[in-house]
Amino acid sequence: MGSTILDQLRRDKITDLLKQGKRLDGRALDEQRPLTIETGVIPKANGSARVKLGNTEVITGVKVQPDKPFPDLGDKGILICTAEILPLADPNVEPGPPTEDVIELARVVDRGIRETEMIDLHQLVLLENKSVVGIFIDSSVIDSAGNLFDACSYASVAAVLSSTIPKYEIKDEAPVLVEGVTSKPPIKTLPVSVTMARIGDNIVVDPSREEEECMDARITITTNSEGNICALQKGGNDGFSVDQLIKCSEMALSVGTKIRKRFEQLM
Amino acid sequence: MGSTILDQLRRDKITDLLKQGKRLDGRALDEQRPLTIETGVIPKANGSARVKLGNTEVITGVKVQPDKPFPDLGDKGILICTAEILPLADPNVEPGPPTEDVIELARVVDRGIRETEMIDLHQLVLLENKSVVGIFIDSSVIDSAGNLFDACSYASVAAVLSSTIPKYEIKDEAPVLVEGVTSKPPIKTLPVSVTMARIGDNIVVDPSREEEECMDARITITTNSEGNICALQKGGNDGFSVDQLIKCSEMALSVGTKIRKRFEQLM
Amino acid sequence: MGSTILDQLRRDKITDLLKQGKRLDGRALDEQRPLTIETGVIPKANGSARVKLGNTEVITGVKVQPDKPFPDLGDKGILICTAEILPLADPNVEPGPPTEDVIELARVVDRGIRETEMIDLHQLVLLENKSVVGIFIDSSVIDSAGNLFDACSYASVAAVLSSTIPKYEIKDEAPVLVEGVTSKPPIKTLPVSVTMARIGDNIVVDPSREEEECMDARITITTNSEGNICALQKGGNDGFSVDQLIKCSEMALSVGTKIRKRFEQLM
Amino acid sequence: MTEDGIRCDGRRVDQLRNISIKVGVLKNADGSAYIEFGKNKILAGVFGPRDVHPKHMANQDTGILRCRYHMSPFSVTERKNPAPSRREIEISKVLKEALEPALILKDFPRTVIDVFVEVLQADGGSRCAALDAAAVALADAGIPMRDLVSACAAGKVADRIVLDVNNEEDQEGQADMPVAIMPSIGKVTLMQLDGILTPEEYKTCLQTAIGGCRTVYEIQRKALVEKYFESGAQ
Amino acid sequence: MTEDGIRCDGRRVDQLRNISIKVGVLKNADGSAYIEFGKNKILAGVFGPRDVHPKHMANQDTGILRCRYHMSPFSVTERKNPAPSRREIEISKVLKEALEPALILKDFPRTVIDVFVEVLQADGGSRCAALDAAAVALADAGIPMRDLVSACAAGKVADRIVLDVNNEEDQEGQADMPVAIMPSIGKVTLMQLDGILTPEEYKTCLQTAIGGCRTVYEIQRKALVEKYFESGAQ
Amino acid sequence: MTEDGIRCDGRRVDQLRNISIKVGVLKNADGSAYIEFGKNKILAGVFGPRDVHPKHMANQDTGILRCRYHMSPFSVTERKNPAPSRREIEISKVLKEALEPALILKDFPRTVIDVFVEVLQADGGSRCAALDAAAVALADAGIPMRDLVSACAAGKVADRIVLDVNNEEDQEGQADMPVAIMPSIGKVTLMQLDGILTPEEYKTCLQTAIGGCRTVYEIQRKALVEKYFESGAQ
């Protein structure tokens, strides 16, 4: 947490470079770090993915199991997204109950998938008001190097796309697994989360950990396949101008289009 | 928590005045601070009240909802009283799980209502052993200035008196709300809690925070409409003589009669 | 936690004596401290025992009540062993959630009883997959003076042996107590836990607290009536040679035979 | 909504619900405010700058801001468990981050400013209303501020962009976008979005919300002026 | 109850259950006592005065007293969850406040005295029995005391005031009033009431309970004398 | 199992599952390793020696070792609650006690070495596989060690003693005995047993497990050599 001289020098360097439109790692302002997506990494899970976004690395597993619907939502399956920063991912993370940062991370990833209506939850009902399919999407950050929002979101989306849904039949009002029959999850759209940081007057896409340490504010915007804006979260201890917020939405759409092509290859 | 010179001077002043039968704020020993009771302050709740007792202020809301009865108590509705000192009410209160002081506060308020049998819980059964009406009485202290026991108790009683109970019908063993039909709660008696502090040889009614800080011991006595004594809790790090305990019961009855008239106006 | 000069001198004395094959309290290396077992000490429980092993003292109570079976284990009753070091048992124990030491203690005692299959859980089914008998074996350490593993295990076994199982009948798929009819628990074998400590090159049975404070490693081996080895747990911050591990198993069998005779007197 | 844009509660699409703010309603808090924003009823209390407990959380270089958003058990239709939910913890964090730009924490090293918000009755937009009250409570506590913070949501209901979505609209609604600004400085310090908007609707929605924030700002100012200058109190 | 006042367990209305107290039953505790009070079986252990952990809880001006009342899982009919319930936390507090007047904590600044009570088997009146054992354990620990603390309940059963309500009576009973006194000083240091009493019954009940406390006091004294003076031990 | 001792997954009774270890797979950890051991997929990360937080846990005379064994929610058939279970807490403790003899903690007073193990996919023998990865991660962190720690289980399946029990065998199996050794020093630092063995079977099982540990040791060494000496990296 303490700020060393080196930290301070790095911050100065980052802001100096940005004045010339350059980033410390040589990227363009609207350029993400290299992204690799690997699916099927946890064969015991119903779906899984390992995502590297620069040096940030996330593993997401999807578990599908029958469950009771939420009260008043008896015509919908259950969707739950969690996220965790494993203590081996970051020297500053300690084991224990989730911090507010981790709770925000999980909830923003969850809303990105939920609000875009990526999965048609109405198709996951086994017996209305009694029995539905639950989809649990659990992300574990194993190396933390900035922009956990997008890394967890991409891993979650890729893990869902790689999932198979077991078939259940209802007997005596209880779900029974039908062995050997599975289907793809009912996908309606592909959400792409794009996180940007404001450092001084500049907006940079996909901030590294070093950039996050000197950013003024942060914004995560999730868009869908139809080019709409579906979820947004501002973070950080300063604000954005209205012009910046509009610029950010445009960047989220254009960067999102590229990432979405990567997802389409997984389908 | 620390004790400043001013605190010490105030304590000396309070005890000096008491030797002359006087209190710091000019009240008689058996005189409560001004009490205001306002009901219906939370329209979304089934009942609610805002009570000011001097500078102590409490808001209580009542929620009524169908519930399962406790095991072995299938012929009774459910009654649950809680109390919380909000952190905005007191510079010394921190957010977190309830302290032993707050647990005692909630349990004493609860017993005052439960042991007097204020509400006829037998009338809240929808389907014996299966489905009953639950009454949740939640008090939030928003300004803490002494004698939270009585303030929470009065707010709880007033909130219950102002409540409406929705009507439920049983269909397929499950309770279903009947829209637009409500009734008053089945009130059997009006409990009044009266808290007194012993400071030296004097007993004062409704101690202020300043008096609580120099009291030797505390007692809370709840009486009912029939003039009986129904619940009692001694607190504080010293004791009472038997004579004092009898005097306290008499004060609780006489002060209780005045407060009960206030409650009757709410019915 | 701190180590005083006296602690250090005691450790030196213990290791010096061991070089001559002697122990501080005069016992032979394979000799347990005096053991007393008293059953029926908590008449309200279904079974109970108070065990003293030297200065270590444990009270165990058994509660038998109907319960739902674990999922996928619908043909077995429930067995749960817990252990707790009461704060009055030890100046270093503080109230609060169980430490890892206490969790290990409880799990090792549990496995000793579970893995030997002491109780035939199949005989505790009331209605397959729906209703079974649960046996809860709760141990409270009231004086902590070394080798809590064996003391808790002996108290748990003795408490089970002294237990009576109430009779339940199934009515409308729910268990109903049949008053006045009880049976003995279905015992298949008698587990005996024997804990040993390695101090230097010596293995001592039933280490006292003073010996535990200077031991290199610890091992608990549970044997059954048939002379088999059924559960084992190595502890402590160093290891054992293979020869030592074989010697320990032989000691566990021979000491176990003596203790088992004590248990047989309780049946 | 009717064809000429009259909403379920009778408002026009660009109309706020009724808002009233009272300043200095609590005796123990260093600053406080009570807001009624539609059916929202929210208290905010501020303590500080004061010593930090536990001490290791103190920062030698700057003051810190803590914020707690909490809902009373009786504030919502179904009784709420009093323990803070994950939703409340997240909202506490975004409120803190929305208020912090308005404060000059560097001037108060080693101290903490605590903002406690209690939602006594919840309606749509409770986080915005909470923020409006919290900003006024901070001012009431006499804490130096660069600017107030004013918050209001806009959203999409029945295919139209509307200001200040209420609870009924939120449940049927297509999008909800809470926004907070520092009105004089012009920065957006809180922004979230749940729901689906075209890029064009996004811009309209943002501008609509900011318009609402500016109206709220006038009400906040008026409440402070009334307490400190009209009645002659200080 | 029979017409001539014989209770379900054969006692007269003014008769205590059987009580036995053993002093110094634990080896690790600085002081300890075991009480059987009717079917109650309760252990009390005392540590201190000793250093306070965590340190910030220490008080420079006085010693502090901590008290924990805990019930074993097997102590009641239905197995109890071992985690402390709200009831146990409240009883811990009233026990602490009942014992504190008997101690001279000012003489031991910066220290803590810990009283741990374990209810191994619970019957009616377990908090009074716990207090009786705890007071003896404090004495056994050699802690200077102004007085012992002796506790006993009275109550109303079948319209009569009776001493020392047992579990069956408590469940059917009309009122239960646990009371503790410092017998020599004559102060009541614990008092609670659940149930309905007329003002006259209240007085009778209180006097009946105090009578019981005085009988308990003799049993406590006898237990201490036996340990320290009869057997010649010290 | 077939008559000639071929197991359900095609192995002989004395054959390990496939094992692969990668060293240095994490960028933030001071040392790390990833192991696939049958279907187990486990990450280990090491930090330290570093300062202890909270400070009162530091020991003036020695460094301390902390170990956390944790299973991902998706690692097992039924989704696991992410909060640590009692089983995970116990395994964390036995892993710590298995690793500690290999370290020279006295050389690093007032510091802590943290070993974090994450089971991404669990199969039989996950605690042994976790230990194998953790020992390699400690070496990768450059922490001075007396020896590696190598772990492998043996057990009894269908009345035969077999090496390295997998998940299916464990569920049907008669006994499972996880063992860890310091291979050069020859000490057993982890040993547990669940199930029923005759004294003779006990000896055979222990020797079988130790044979497995020695094979694992070669794989651990090879993984370290490959990283540090083959590719020329350091």
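Naming: A, B, ... by sequence-line order, numbering from 1 per chain. Just the heavy atoms: all of them, side chains too, but no hydrogens, waters or symmetry mates, feed the values below.
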Seminar exercise, completed: Given E:E200, E:R86, E:M177, E:E201, the one with more heavy-atom pairs under 4.5 angstrom with chain B than any other is E:R86
Exercise. In Å and rounded to the nearest 0.5 Å, what is the CG to OH distance from B:N228 to E:Y202?
Worked result: 13.5 Å
For this session: Look up atom CG in E:L193 and atom OG1 in B:T220, then write down how far apart they are to the nearest 0.5 Å.
Result: 12.0 Å
Exercise. Within a strict 4.5 Å, meaning less than it, do heavy atoms of the B:E104 and E:V94 side chains meet?
Worked result: yes
For this session: Evaluate whether atom NZ of B:K76 has more than 12 neighbouring non-hydrogen atoms of other residues, nucleotides or ligands under 6.0 angstrom away.
Result: no
For this session: With rounding to the nearest 0.5 Å, note down the distance linking NZ in E:K187 to CG in B:L245.
Result: 11.5 Å
Problem set entry | Structural part of B:A231 lying under 4.5 Å from a heavy atom of chain E | both
For this session: Could you tell me which portion of B:N224 (side chain, backbone, both or neither) has an atom closer than 4.5 angstrom to a non-hydrogen atom of chain E?
Result: side chain
Problem set entry | Single hit among E:K93, E:R87, E:K96 for salt bridge (charged side-chain N to carboxylate O under 4.0 Å, His left out) with B:E100 | E:K96
For this session: Let me know if B:E250 has heavy atoms under 4.5 Å from chain E in its side chain, its backbone, both or neither.
Result: side chain
Seminar exercise, completed: Bottom line for B:P71: the part with an atom under 4.5 Å from chain E's heavy atoms is neither
Exercise. How long is the span from the CD1 atom in E:I185 to the OG atom in B:S241, to the nearest 0.5 Å?
Worked result: 13.0 Å
For this session: Search all heavy atoms of B:G227 against all heavy atoms of E:P199 and return the closest pair with its distance.
Result: O-CD, 3.5 Å
Problem set entry | Euclidean distance, E:E90 CD relative to B:R107 CZ, rounded to 0.5 Å | 4.5 Å
For this session: Tell me, yes or no, whether the heavy-atom count around E:E172 atom CD, taken from other residues, nucleotides or ligands under 6.0 Å, exceeds 12.
Result: no
For this session: Output the distance between atom CD1 (B:I229) and atom CG (E:L197), rounded to the nearest 0.5 Å.
Result: 7.0 Å
Exercise. Given the options B:L253, B:D101, B:I221, which has more heavy-atom pairs under 4.5 Å with chain E than any of the others?
Worked result: B:D101
For this session: Might you point out which heavy atoms bring E:I196 and B:T116 nearest each other, and give the distance in Å?
Result: CD1-O, 4.5 Å
Exercise. Is chain B contacted by the side chain of E:Q207, its backbone, both, or neither, given a heavy-atom distance below 4.5 Å?
Worked result: side chain
Problem set entry | chain B interface, residue from E:M182, E:Q60, E:E97 that has the most non-hydrogen pairs under 4.5 Å | E:E97
Problem set entry | B:R262 atom CZ: more than 12 heavy-atom contacts under 6.0 Å | yes
